[in-house]
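Basis for what follows: all heavy atoms, side chains included, without hydrogens, waters or symmetry-related copies. Here the structure is a predicted model, which is why all the values come from computation and not from measurement.
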Amino acid sequence: MKINYPIKWDEQDHLERESKGWLDGIVVTLDDGSIHRVCVYDIARLSQELDDEVESGKSAFVQKGLLIVRSTSKKHIEQALFQAEKEGYFEH
């Protein structure tokens, strides 16, 4: 699996990412060549997004390729992506 992030993961990214609680635009390329776009949220940020959607009159928060992670640190994101692959998340 190859993981391409929309950020550099420099010192600033490491500091900001966990406080933001989400990261969109992760591109995962599997060994079979298939490409998948993934968005990760921690539970606190996901709850905020759902509340915002409901307050605006929607009934759900919808996001393609969504994975929920313990935290949006690079370590936890990568653990989630490898778990997702192992559990068949990326199968068509």
Between L30 and E85, does a side-chain contact (heavy atoms from CB on, under 4.5 Å) hold up when you go through it step by step?
CA-CA 9 Å; L30 300 181; E85 180 184 30; 3.6 Å; yes
Going through the distances and angles, do D24 and R37 end up as a side-chain contact (heavy atoms from CB on, under 4.5 Å)?
CA-CA 8 Å; D24 192 11; R37 185 180 166 123; 3.5 Å; yes
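Classification of the Y41-W22 ring pair by plane angle, with boundaries at 30° and 60°, yields parallel.
Put simply, the side chain of L46 reaches to within 4.5 Å of the side chain of I68, judged on heavy atoms. By the 4.5 Å heavy-atom criterion applied to side chains, I77 and F82 are not counted as neighbours. In this structure, the side chains of C39 and I26 stay at 4.5 Å or more apart for every pair of heavy atoms.
With sequence neighbours left out, the salt bridge (charged side-chain N to carboxylate O under 4.0 Å, His left out) criterion links D13 to no other residue. For the side-chain contact (heavy atoms from CB on, under 4.5 Å) test, residues two or more places apart in sequence or in another chain that qualify with Y89 are L67, A84. Take D52 and apply the side-chain contact (heavy atoms from CB on, under 4.5 Å) test, not counting sequence neighbours, and it matches no residue. Every side-chain contact (heavy atoms from CB on, under 4.5 Å) that Q83 has, sequence neighbours left out, goes to E87. Checked against side-chain contact (heavy atoms from CB on, under 4.5 Å), K86 has no partners two or more places apart in sequence or in another chain. Residues passing the ring-ring contact (aromatic ring centres under 6.0 Å, His included) test with H76, sequence neighbours excluded: none.
With rounding to the nearest 0.5 angstrom, the CD atom of E55 is 10.0 Å from the CG atom of L50. Taken from CG in L81 to CZ in F90, the straight-line distance is 5.5 Å, to the nearest 0.5 Å. Rounded to the nearest 0.5 angstrom, K75 NZ and E18 CD are separated by 10.0 Å. If you take NE2 on H36 and NZ on K64, they are separated by 13.5 Å, rounding to the nearest 0.5 Å. Between atom CZ of residue R45 and atom CG of residue L23 there is a gap of 11.5 Å, rounded to the nearest 0.5 Å. Distance CD/E49 to CG/L66: 10.0 Å, rounded to 0.5 Å.
Of all non-hydrogen atoms in D31 and M1, the two that sit nearest each other are OD1-N, 3.3 Å. Across all non-hydrogen atoms, the minimal contact from S71 to D42 is CA-CB, 4.3 Å. Scanning all heavy atoms of the two residues, the minimum distance from G25 to P6 falls at O-CD, 3.6 Å.
Under a hydrophobic-cluster definition in which Ile, Leu, Val, Met, Phe, Trp and Tyr are linked whenever side-chain heavy atoms come within less than 4.5 Å, directly or via other members, I35 and V38 are assigned to different clusters. Under a hydrophobic clustering in which Ile, Leu, Val, Met, Phe, Trp and Tyr are joined whenever their side-chain heavy atoms come within less than 4.5 Å, directly or via other members, F61 and I43 fall into the same cluster.
Using modelled atom types, one side-chain atom of S19 and one backbone atom of E16 make a donor-acceptor pair closer than 3.5 Å. Without hydrogens or angle criteria, T72 side chain to R17 main chain gives a donor-acceptor distance under 3.5 Å.
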